[in-house]
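Side chains are part of it too, since the values below use all heavy atoms of this structure and drop only hydrogens, waters and symmetry mates.
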Amino acid sequence: MSNANEILRIARGEVGYHEGRSNGHWNNYQRYSPAVPGLEWSQNQAWCATFVSWCAMTAGVADLYPRTASCAVGVQWFKDRGRWSEYPAIGAQVFYGTGGRTHTGLVYDYDDTYVYTYEGNTNADGGAEGDGVYTKTRLRRSAYVYGYGYPKFSEGIKSADPAYAGEKPKPIEYEPFPGVAWFKKNPNSPIVTAMGRRLVAVGCSAYRKGPGPQWTSADRESFRKWQRKLGDAPAECDGWPGPKQWAALKVPRVS
């Protein structure tokens with residue numbers, strides 16, 4: 001799975017989450033601040049930027065986005081790296097308001113008229129008091145849209161910016177199935193790590209730590225969960241990878 005697809009998958013899974021309430025109001029108490037090392041202090045503060053940082057961390061692409069609770073810091077982070085644009089892009093971090101300091105979110109799609117986003121600390125009616133994670137549709141050429149920070153995805157970025165035409169996403173290559181006999185030799189290989197990361201991404205982790213390059217019982221148990229998730233017959237859910245299960249997992253090529 002591409003870097004962009006992974007962070008957007010994580011963000012999409014949070015849609016519908018709501019912060020806490022006290023004294024009849026939403027109170028900015030949410031689960032993202034304490035989960036992001038270095039941003040624990042931001043609990044009960046505006047959390048739109050913290051939400052993006054959490055998504056990036058959870059997706060394993062923390063180094064491609066600013067880790068901050070400040071929209072202004074986020075804008076400058078991208079500008080300092082030469083990754084700023086007035087055009088939308090898939091997986092870009094969009095910033096709103098004067099200087100981009102008001103609000104932020106993640107772009108999951110765009111067309112000639114609109115930008116489609118996942119945003120934390122917002123609401124359904126456009127009021128000033130945010131309460132959760134929502135999908136939003138924004139006018140692409142609205143004065144409220146300040147600009148976009150472009151993560152440097154390994155696969156390139158799908159962008160409306162002509163300057164990034166040479167950075168269009170490359171086709172993803174997947175690791176060919178190495179054969180069940182290969183796994184039964186207890187391999188130590190980056191292929192095992194890549195497989196484990198995909199198993200985590202699809203919600204089939206049995207890892208207490210890792211995954212890592214050494215094939216272990218945790219890898220086998222994780223793959224068993226994947227087999228069950230695919231609906232394989234009980235006799236086929238033995239934890240040893242097979243060609244169809246491997247193809248369905250889409251392990252990115254590492255060799």
Where do Ala35 and Met57 come nearest, in terms of heavy atoms and distance?
O-CE, 3.3 Å
Looking at Asn121 and Ala46, what are the two nearest heavy atoms and their distance?
ND2-CA, 3.5 Å
Evaluation steps, ring-ring contact (aromatic ring centres under 6.0 Å, His included), between Phe183 and Trp240:
CA-CA 7 Å; Phe183 289 101; Trp240 294 114; 7.6 Å; no
Any pair counted as side chain to side chain donor-acceptor pair (under 3.5 Å), so long as it reaches residues 51-64, sequence neighbours left out
none
Parallel, tilted or perpendicular for Tyr65 and Phe78, by the 30°/60° rule?
perpendicular
Applying the 4.5 Å side-chain criterion to the ILVMFWY set and letting contacts propagate, would Val73 and Tyr148 be lumped into a single cluster?
no
Is there a side chain to side chain contact (heavy atoms under 4.5 Å, CB included) between Asn44 and Gln30 once you walk through the steps?
CA-CA 7 Å; Asn44 296 113; Gln30 32 68 37; over 6 Å; no
Closest contact, heavy atoms only, Glu19 versus Gly130:
OE2-O, 3.4 Å
Give a yes or no answer on whether the side chain of Asn3 reaches the backbone of Ser154 with a donor-acceptor pair at less than 3.5 Å.
yes
Would you find more than 12 non-hydrogen atoms of other residues, nucleotides or ligands less than 6.0 Å from Arg197 atom CZ?
no
Trace of the side chain to side chain contact (heavy atoms under 4.5 Å, CB included) decision for Glu6 with Val61:
CA-CA 9 Å; Glu6 181 62 10; Val61 292; over 6 Å; no
Side-chain donor-acceptor contact under 3.5 Å, Asp219 with Thr216:
yes
Would you say the side chain of Cys48 lies within less than 4.5 Å of the side chain of Cys71, judging by non-hydrogen atoms?
yes
Answer yes if the side chains of Ser205 and Ser222 hold a donor-acceptor pair under 3.5 Å, and no otherwise.
no
For residues Tyr146 and Trp84, establish whether the separation of their ring centroids is below 6.0 Å.
yes
Do the side chains of Leu139 and Thr113 get nearer than 4.5 Å, heavy atoms only?
yes
Is the cationic atom of Arg224 (NZ for Lys, CZ for Arg) positioned less than 6.0 Å from the six-membered ring centroid of Trp226 and within 45 degrees of its normal?
no
According to a hydrophobic-cluster definition based on side-chain heavy atoms being under 4.5 Å apart (Ile, Leu, Val, Met, Phe, Trp, Tyr only), do Tyr134 and Val15 belong together?
no
Hey, mind stepping through Tyr207 and Leu199 against side chain to side chain contact (heavy atoms under 4.5 Å, CB included) and telling me if it holds?
CA-CA 10 Å; Tyr207 301 102; Leu199 290 168; 3.9 Å; yes
Rounding to 0.5 Å, atoms CD (Gln76) and OG1 (Thr68) come to a distance of 11.5 Å
With distance as the sole test, does Arg83 use its side chain to make a donor-acceptor pair with the main-chain N or O of Gly149 at under 3.5 Å?
no
Flag, side chain of Glu155 to backbone of Ala4, donor-acceptor distance under 3.5 Å
yes
Write down the atom of Arg101, the atom of Ala72, and the distance for their closest heavy-atom approach.
CG-CB, 3.7 Å
Between Tyr116 and Ile7, is there a shared hydrophobic cluster once you connect ILVMFWY residues whose side-chain heavy atoms come closer than 4.5 Å?
yes
Is the side chain of Glu40 donor-acceptor paired with the backbone N or O of Gly38 at a distance under 3.5 Å, no angle test?
yes
Between Asn123 and Glu129, is there a donor-acceptor pair closer than 3.5 Å when you use the side chain of the first and the backbone of the second?
yes
Say whether, by atom type as modelled, one donor and one acceptor occur between the side chain of Ser42 and the main chain of Leu39 under 3.5 angstrom.
yes
Do the non-hydrogen side-chain atoms of Tyr174 and Val251 ever get within less than 4.5 Å of each other?
no
For Glu175, does its backbone N or O pair with a side-chain atom of Trp246 as donor and acceptor, under 3.5 Å?
yes
To the nearest 0.5 Å, what is the distance between CZ on Arg21 and CG on Asp131?
8.0 Å
Using distance alone, with no hydrogens and no angle criterion, decide if Gln245 and Glu236 have a side-chain donor and acceptor under 3.5 Å apart.
no
Nearest-0.5 Å distance that lies between atom NZ in Lys225 and atom SG in Cys204
7.5 Å
Less than 3.5 Å apart, any donor N or O on the side chain of Gln45 or Asn28 sitting next to an acceptor on the other?
no
Hydrogens and angles aside, do Glu14 and Tyr32 bring a side-chain donor and acceptor to less than 3.5 Å of each other?
yes
A quick test of your reading: do over 12 heavy atoms of other residues, nucleotides or ligands sit less than 6.0 Å from NZ of Lys79?
yes
Are the side chain of Arg67 and the backbone of Ala62 linked by a donor-acceptor contact shorter than 3.5 Å?
no
To the nearest 0.5 Å, what is the distance between CZ on Arg198 and CZ on Phe223?
11.0 Å
Spell out, as yes or no, whether a donor-acceptor pair under 3.5 Å connects the side chain of Arg141 to the backbone of Asp112.
yes
Side-chain heavy atoms nearer than 4.5 Å, only ILVMFWY residues, links allowed to pass through others: does that put Trp47 and Trp26 together?
no
What I want to check is whether the side chains of Thr137 and Tyr114 have a donor and an acceptor closer together than 3.5 Å.
no
Rounded to the nearest 0.5 Å, the CZ atom of Arg138 sits from the OG1 atom of Thr117 at a distance of 6.0 Å
Any idea which heavy atoms bring His103 and Thr122 closest together, and the distance?
NE2-CB, 4.0 Å
Interatomic distance, Leu8 atom CG to Arg12 atom CZ [nearest 0.5 angstrom]
7.5 Å
Heavy-atom count check: over 12 atoms from other residues, nucleotides or ligands less than 6.0 Å from Tyr87 OH?
no
Side-chain donor-acceptor pairs of residues 89-100 under 3.5 Å, sequence neighbours excluded:
| residue | atom | partner | partner atom | Å |
| --- | --- | --- | --- | --- |
| Gln93 | NE2 | Thr104 | OG1 | 3.1 |
| Tyr96 | OH | Glu119 | OE2 | 2.7 |

Is a side-chain N or O of Tyr110 found less than 3.5 angstrom from the main chain of Ala160, in a donor-acceptor match?
yes
Do Val192 and Trp182 come close enough that some side-chain heavy atom pair is under 4.5 Å?
yes
Is there side-chain contact between Tyr164 and Ile157, with at least one heavy-atom pair below 4.5 Å?
yes
Check: Glu167 and Ser159 side chains under 4.5 Å, non-hydrogen atoms:
no
Close side-chain approach of Trp215 to Ser189, heavy-atom, < 4.5 Å
no
Carefully, step by step, assess Lys136 and Tyr118 under the rule side chain to side chain contact (heavy atoms under 4.5 Å, CB included).
CA-CA 6 Å; Lys136 303 289 286 186; Tyr118 300 123; over 6 Å; no
